[in-house]
Number of protein chains: 2
Amino acid sequence: MKDVAILLHEASGLLRRRFEQAARPEGLTLMQWRALGLLDQQGPLRQVAIGEALEASPMTISDLADRLESAGLVTRATDPSDSRAKVLELTETGATKLRTMRRISEAVFAQVFAGVTERETAALRQGLLKLKKNLGGAAPSAPEKDVQDEREN
Amino acid sequence: MKDVAILLHEASGLLRRRFEQAARPEGLTLMQWRALGLLDQQGPLRQVAIGEALEASPMTISDLADRLESAGLVTRATDPSDSRAKVLELTETGATKLRTMRRISEAVFAQVFAGVTERETAALRQGLLKLKKNLGGAAPSAPEKDVQDEREN
DNA sequence: CTTCATCCATAAGCCTCCGTATTATATAAG
DNA sequence: CTTATATAATACGGAGGCTTATGGATGAAG
């Protein structure tokens, strides 16, 4: 249990390192890549929505958006229907970068999962999903939203 | 594959957040706790050895050591047999903090693994271990060290 | 219309984590 | 001894990540 938790922490860090090493020519970090991918498949999104999808705090997304914007990968416009909110949208440059990244990311994941069987991958997915659920992470596509949040601290 | 990799990243971040939230009263981060635990079971270690055990870069350990030292949890002394190296050793304060953390960490892990069966935990462990191996991470206690490192980049 | 709670984004501040470059020491080769 | 190479730690710089605090906007209630 404890060892698995630590293993999780280690594997995640190693994966991140490997990914960003492979993506260095493109100058993208794992989080940046995930954000661009999200915008690509969901269309323009508010920062708060990105934060929920990526399980990150609003501040983290704000910082992230700064860099994506100054790199020209996204535009950041005030939401017409709510002037507090800002909507991020993938630029052509961002979309192109994402296409370039496809080969890189696939190569990394193929290497990381080398020798891992279908069964093992499925078990990993199932286990991680359970942990994520226990940690309060929203399910990938569950509109379920009854957060009861009884603080135990 | 890609989804599992992302799940790994998310679960790890959530776990870290939850752990550090629970450990806030003690002011310990996950990495700090892991470092103290390592020193507790292995005895005094050089920073480079800590880095290998924790799968972190030398710089990360250097920063970490700064904070552990100034918090009085470890001592940092020059290695008599190599004046370049520094040896970290747990202080009494550090050992005490570690004992206090035992309850906290166990509570966190119990919560995170709630409803996860033995089989699932084992599968998770096995899968993560494979990923870690593919990522170049050393096995937990394997003196095997034939790193071939054919760079593919 | 005004008040109040809520919400979105962000500034400030701090720690984590990393790659790169540097310093100092150790070790191997000449 | 001297030079070259490798190694241990770290200064520097930068992204990631969080909490707390703030400012501006929205929306519901009066």
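Protein chains get the first letters and strands the later ones, always in sequence-line order, with residue 1 at the start of each.
- The distance from atom CG of L64(B) to atom C1' of dT10(D) is 14 Å, rounded to the nearest whole Å.
- For the pair R84(B) CZ and dT27(C) P, the computed distance is 7 Å after rounding to whole Å.
- Dashed line: the shortest gap from a side-chain N or O of Q47(A) to OP1 or OP2 of dT10(C) is under 4.0 Å.
- Taking the side chain of P58(A) as heavy atoms from C-beta on, and the options dC17(C), dA24(C), dT10(C), the nearest nucleotide is dT10(C).
- T29(A) has a side-chain polar atom (N or O) that falls below the 4.0 Å cut-off from OP1 or OP2 of dG16(D).
- E106(A) contributes no side-chain N or O that, together with a main-chain N or O of R103(A), makes up a donor-acceptor pair within less than 3.5 Å.
- L64(A) and V87(A) fall into different hydrophobic clusters, where Ile, Leu, Val, Met, Phe, Trp and Tyr residues are linked whenever their side-chain heavy atoms come under 4.5 Å apart, directly or through other members.
- Proximity of S57(A) to the phosphate of dC18(D): a side-chain N or O atom is located under 4.0 Å from OP1 or OP2.
- Using a 4.0 Å heavy-atom criterion, one finds that A65(B) contacts no nucleic acid atom at all.
- Take the nearest nucleotide of DNA chain C for H9(A) and for D82(A): the residue whose nucleotide is more 5' is D82(A).
- Between Q32(B) and dT16(C), a side-chain N or O to OP1/OP2 separation shorter than 4.0 Å is present.
- Rounded to an integer number of Å, the gap from E52(A) CD to dC8(C) C1' is 12 Å.
- Two different hydrophobic clusters hold M59(B) and V48(B) under the rule that ILVMFWY side chains link at heavy-atom gaps under 4.5 Å.
- Phosphate contact (OP1/OP2 of dC18(D), side-chain N/O of T60(A), threshold under 4.0 Å): present.
- At dT16(C), none of the side-chain N or O atoms of R34(B) fall inside 4.0 Å of OP1 or OP2 (strictly under the cut-off).
- The side chain of S83(B) contributes no N or O atom lying less than 4.0 Å from OP1 or OP2 of dT25(C).
- Whole-Å rounding puts the K86(A) NZ to dG23(D) P distance at 16 Å.
- Protein atom CG of D79(A) is 19 Å distant from nucleotide atom P of dG24(D), rounded to whole Å.
- Judged by closest nucleotide on DNA chain C, A85(A) is the one of A85(A) and R67(B) placed further toward the 5' end.
- At a threshold of 4.0 angstrom between heavy atoms, the contacts of M59(B) include nucleobase atoms, whether or not backbone atoms are also involved.
- Between the side chains of S57(A) and T60(A), at least one donor-acceptor pair of N or O atoms lies under 3.5 Å.
- If you measure from atom CD1 of I50(A) to atom P of dG16(D), you get 13 Å, rounded to the nearest angstrom.
- Put simply, the residue from L28(B), L39(B), L88(B), L98(B) that forms a side chain to side chain contact (heavy atoms under 4.5 Å, CB included) with L73(B) is L28(B).
- Residue D66(B) is the one, among R17(B) and D66(B), whose nearest nucleotide of DNA chain D lies closer to the 5' end (criterion: closest heavy atom).
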